[in-house]
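These notes are about the structure you will find just below.
Hydrogens, waters and symmetry mates are skipped; everything else that's a heavy atom, side chains included, is used. Naming convention: chains lettered A, B, ... in sequence-line order (proteins, then strands); numbering from 1 in each chain.
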Amino acid sequence: EDQVTQSPEALRLQEGESSSLNCSYTVSGLRGLFWYRQDPGKGPEFLFTLYSAGEEKEKERLKATLTKKESFLHITAPKPEDSATYLCAVQARGGSYIPTFGRGTSLIVHP
Amino acid sequence: NAGVTQTPKFRILKIGQSMTLQCTQDMNHNYMYWYRQDPGMGLKLIYYSVGAGITDKGEVPNGYNVSRSTTEDFPLRLELAAPSQTSVYFCASSYSTAAGSKAQYFGPGTRLTVL
């Protein structure tokens, strides 16, 4: 059974204080790993897709990296508008290709 | 493109009532999904569809039904509403083939309360 564990559950940062969110996964052959951002009262919004170990993607202050067991979402010099819940999902090879989601990390950035 | 649209945004039901949550996508995606999200519990898959006329159960299908007669629409039916169905419901779509899968695109959600 595919499993996704995100840590920490919640993270509070001061504006400008860089940090990383973790997504550990167990899957029988990774097809893709996805990161989403979810603002309160809204649906998740796609950020990145990673397909193979060593791959990196960047967008503004966010950088996602992937190893064979986990992915990190690095947040550099965060701003209050980066406050959101960040969700990770993995998709396995074979079967129905339905992604498995983690429970998310709630990030609050204080000014 | 409007992306994924859901109606209604909010709804209050009495126990035992029924309703249909509407979902439409205009991206010609083959896969569509229904999730429920409870506080601190993440997204739980209710039903999904890999194309028109094909649906399958997810993790928590009891108390729900779906149909997919067109590529664009994927309504979720709640029969005999119960307080345990109080949640936020998200519809999503994606394009997936044997060669590769793209990310999911989510609607804005329907907040349902059953009293």
Side-chain angles (χ1 to χ4, degrees), chain A residues 1-11 21 23-25 27 29-52 55 57 59 64 66 71 73 84-106, chain B residues 2-7 9-10 21 23-25 27 29-51 54-61 87-112:
Chain A
E1 183 179 333
D2 302 335
Q3 290 191 329
V4 179
T5 303
Q6 292 188 245
S7 61
E9 288 185 14
L11 182 62
L21 313 183
C23 172
S24 297
Y25 63 90
V27 65
L30 182 69
R31 183 181 177 91
L33 184 143
F34 304 91
W35 281 99
Y36 295 86
R37 169 191 171 125
Q38 186 175 22
D39 293 303
K42 296 188 176 182
E45 178 184 348
F46 169 68
L47 291 173
F48 303 110
T49 308
L50 301 168
Y51 293 105
S52 56
E55 190 175 359
K57 294 274 180 74
K59 180 180 180 181
L66 180 65
S71 176
L73 185 64
T85 295
Y86 291 86
L87 298 170
C88 171
V90 298
Q91 194 173 56
R93 295 187 183 279
S96 62
Y97 307 138
I98 302 300
T100 299
F101 277 85
R103 292 190 176 187
T105 293
S106 174
Chain B
V4 179
T5 57
Q6 292 182 238
T7 57
K9 286 186 169 55
F10 303 94
L21 281 66
C23 175
T24 300
Q25 56 95 5
M27 296 173 283
H29 285 169
N30 52 348
Y31 277 55
M32 294 188 75
Y33 318 76
W34 274 106
Y35 292 92
R36 60 176 289 171
Q37 187 176 43
D38 301 308
M41 297 303 293
L43 291 164
K44 292 190 182 294
L45 182 65
I46 305 171
Y47 271 95
Y48 67 97
S49 168
V50 302
I54 307 170
T55 62
D56 207 348
K57 296 178 180 179
E59 184 182 358
V60 290
S87 188
V88 181
Y89 292 84
F90 290 103
C91 178
S93 71
S94 68
Y95 185 70
S96 296
T97 68
S101 293
K102 305 296 185 184
Q104 292 171 298
Y105 289 83
F106 286 80
T110 295
R111 185 174 297 274
L112 175 67

Closest non-hydrogen atom pair, A/Q38 against B/F90: NE2-CZ, 3.5 Å
Pick from A/F46, A/Y51, A/F48 with the largest number of heavy-atom pairs that fall under 4.5 Å of chain B: A/F46
Pair B/Q104-A/F101, side chain to side chain contact (heavy atoms under 4.5 Å, CB included): steps then yes or no: CA-CA 12 Å; B/Q104 292 171 298; A/F101 277 85; 3.2 Å; yes
Selection from B/C91, B/P108, B/S94, B/G109 maximising heavy-atom pairs under 4.5 Å formed with chain A: B/P108
Listed partners of A/S7 passing side-chain contact (heavy atoms from CB on, under 4.5 Å), at least two apart: A/N22
Close side-chain approach of A/P99 and B/L45, heavy atoms under 4.5 Å: no
Other residues, nucleotides, ligands: >12 heavy atoms within 6.0 Å of B/K102 NZ: no
Distance, nearest 0.5 Å, that separates OH of B/Y33 from CD1 of A/I98: 4.5 Å
Region of A/E9 that comes under 4.5 Å of a non-hydrogen atom in chain B: neither
Contact winner vs chain B - A/E45, A/K42, A/R103, heavy-atom pairs under 4.5 Å: A/R103
Any residue meeting ring pair (Phe, Tyr, Trp, His ring centres under 6.0 Å) with B/F106, in chain and number order, not counting sequence neighbours: A/Y36, B/Y35
Closest non-hydrogen atom pair, B/S96 against A/Q91: OG-NE2, 4.4 Å
